[in-house]
Amino acid sequence: MKSTALLILSFLSFSAIHGAETEQIRPLSGRNLAGRVTVDGKPRQGVVVSDGVNVVATDDNGVYQMNTSGRQHVFVSVPSDCEIPIENGKPKIYEEIDFGDRKTPLQIDFNLKSQPKATKFQLMAMADIQPGDLVEIAMLDEQIMPGMIEFANTLSGNVYGISLGDIVWNNPGLYDSYNTHISRMGIPVFPVIGNHDHNEFVHDDTMSDKDFRDFFGPTYYSCNIGDWHLVALDDVLMSGIRGRGDYTGEITPQQLDWLKKDLSYVDKDKSLIVAMHIPTKRRNAPAHINNADQLYELLKDFNDVRILTGHTHYNFKTDIAPNITEQTLASMMGAFWNGDICDDGSPRGFAMYEFDGNKIVNNYYKGSATPRDYQIKIYQPYEASYRFGKDKDGKPEKIDNDSILVNVFFWHTDWKVELKEDNGEWVTLNNEFILDPQAVKLLQGKNPWEKRPSAEPTKRNDHMFLYKPSKRKWKTITVRATDTYGNVYTTTEKRK
């Protein structure tokens, strides 16, 4: 559904600039932006509207007013009983603020359409798609989108998507191509800005994201879906003076102030989805954004808070507080478009979340080209030896002819991973930091065929499990992993 902005001007009351005539609003003293929010043509009270600095709620006539300066957009935090407006295949919850040369007030209205509150819905979360040229756009189209579209067509009910930053790789001119392909799934996909979505040639944080804002709208915003309040943030503080890697992970004070105001309109019994690019904290590394504790302080009183991030290109989940959990996702592009796996051996893909009320009732990882139940890979001894690295001839640096290695792609500390040798008893396995053998074989070192040669297997891979069979001539190894939601994934490997 499309939102409609009606721009009105006058000295004491506004007159139409474009669009159909609408009831004119008398501006309060000191206010230069106002508008009316309607739902199915009727004014709606209590709808939150913001320019990224001011955060106000509509009155009983559906009217909001504020004094805005230097802001590009005004956006509406869509109520949970309204459709997310869609324009050109992407969410459109905002309008441009353009005073031009005029010094008189501006009116921007939002017309929303009602729909039943989505107490049950699904969210497809993806990170680091990162096409950087037309070759990679073609790879997105040919290698990834067919599986994504096929899977999306199996989903029913209310389905949304979110893209967790690095939507492109230092090439804002590809935003339109990205959007064309992603919108083929037929679901609204919310955008989040990443470090590679900033213009590397602009040495200013605010101006370096203008290309993103011009195409996708504000870099931080909120809306409501069911009993969840969705917030997108920009946690990339870009300098760019020393190149594209000259940035820090930080949420600006302006955003934190906005978030505090935004959350003041949200009931504490609601749950939150907080999406950004750089992880606020990592289970498997000491890295975090600079002011994560200030963010956590604003989130601590809500029912359930799920922070969704990308950036690292591999899968892990981090427990922050009893009610705050962060899920960091592997990259949709895989390891810099070098094959169909990520740095940790996970298939390139996305995460699915199923919501019921203010709770998540299911969550799983889905490779874009692999079956839903492909969650585990077992490496037999010779292949498992690649965990030690490979030599110049492409062979394992060290041979271990005894040990089995298991990769459970979406594992977290509350999962249970068990192994059965032949017809023996189930044995519980403990995780270790180990290189994924397939990632070593494919990515380690400088390979002349690589699309981007910076891809390497990650040493931070802690969803690996090592097991030494009790019998040298074992026949079968079976692994089962039970996740947080009771899903049981099982795979069996016969001895070669």
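Owing to the predicted nature of the structure, the values given are computational and were not obtained by experimental measurement. This chain uses plain numbering: 1 for the first residue, then up along the sequence.
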Side chain to side chain donor-acceptor pair (under 3.5 Å) partners for Y178, two or more places apart | S163

Is the count of non-hydrogen atoms from other residues, nucleotides or ligands lying under 6.0 Å from E150 atom CD greater than 12?
-> no

What pairs with K451 under salt bridge (charged side-chain N to carboxylate O under 4.0 Å, His left out), at least two apart in sequence or on another chain?
-> D133, E136

Which residues pass the ring pair (Phe, Tyr, Trp, His ring centres under 6.0 Å) test with Y485, sequence neighbours left out?
-> none

Does NZ or CZ of R306 lie under 6.0 Å from the centre of the six-membered ring of W228, at an angle within 45° of the ring axis?
-> no

Identified side chain to side chain contact (heavy atoms under 4.5 Å, CB included) partner of T312 from the options S331, P279, C342 = P279

Does I25 reach the side chain of Q65, with side-chain heavy atoms less than 4.5 Å apart?
-> yes

Sequence neighbours left out, what passes ring pair (Phe, Tyr, Trp, His ring centres under 6.0 Å) with H198? Give chain and number order.
-> none

Does the side chain of H181 come under 3.5 Å of the side chain of N179 through a donor N or O and an acceptor N or O?
-> no

Taking salt bridge (charged side-chain N to carboxylate O under 4.0 Å, His left out) as the test, write out the residues that go with D211, two or more places apart.
-> none

Do you know the tightest heavy-atom contact between T309 and I278?
-> CG2-O, 3.6 Å

Does NZ or CZ of R372 come closer than 6.0 Å to the centre of the six-membered ring of Y364, within 45° of the ring's axis?
-> yes

Residue pair V49 / V74: nearest heavy atoms and the distance that separates them = CG1-CG2, 3.5 Å

State whether the number of non-hydrogen atoms from other residues, nucleotides or ligands found under 6.0 Å of L28 atom CG is greater than 12.
-> yes

Here the pair of heavy atoms bringing D51 nearest to F75 is C-CE2, 3.9 Å

Below 6.0 angstrom between ring centroids: does that apply to F350 and F151?
-> yes

Among all residues two or more places apart in sequence or in another chain, which pass the salt bridge (charged side-chain N to carboxylate O under 4.0 Å, His left out) test with D293?
-> none

Please say whether the positively charged group of K92, taken as NZ for Lys or CZ for Arg, lies over the ring of Y94, i.e. under 6.0 angstrom from the six-membered ring centre and within 45 degrees of the axis.
-> yes

side-chain contact (heavy atoms from CB on, under 4.5 Å) partners of D414, counting only residues at least two apart | H412, T484

T119: what forms a side-chain contact (heavy atoms from CB on, under 4.5 Å) with it, not counting sequence neighbours?
-> K117

With sequence neighbours excluded, residues passing ring pair (Phe, Tyr, Trp, His ring centres under 6.0 Å) with H229 = none

side-chain contact (heavy atoms from CB on, under 4.5 Å) filter on D267, not counting sequence neighbours, yields D269, K270

Name all residues meeting the ring pair (Phe, Tyr, Trp, His ring centres under 6.0 Å) criterion together with H313; count only those two or more places apart in sequence or in a different chain, and write none if there are none.
-> F336

What residues, two or more places apart in sequence or in another chain, satisfy side chain to side chain donor-acceptor pair (under 3.5 Å) together with T370?
-> none

F355 ring center near F121 ring center (under 6.0 Å) | yes

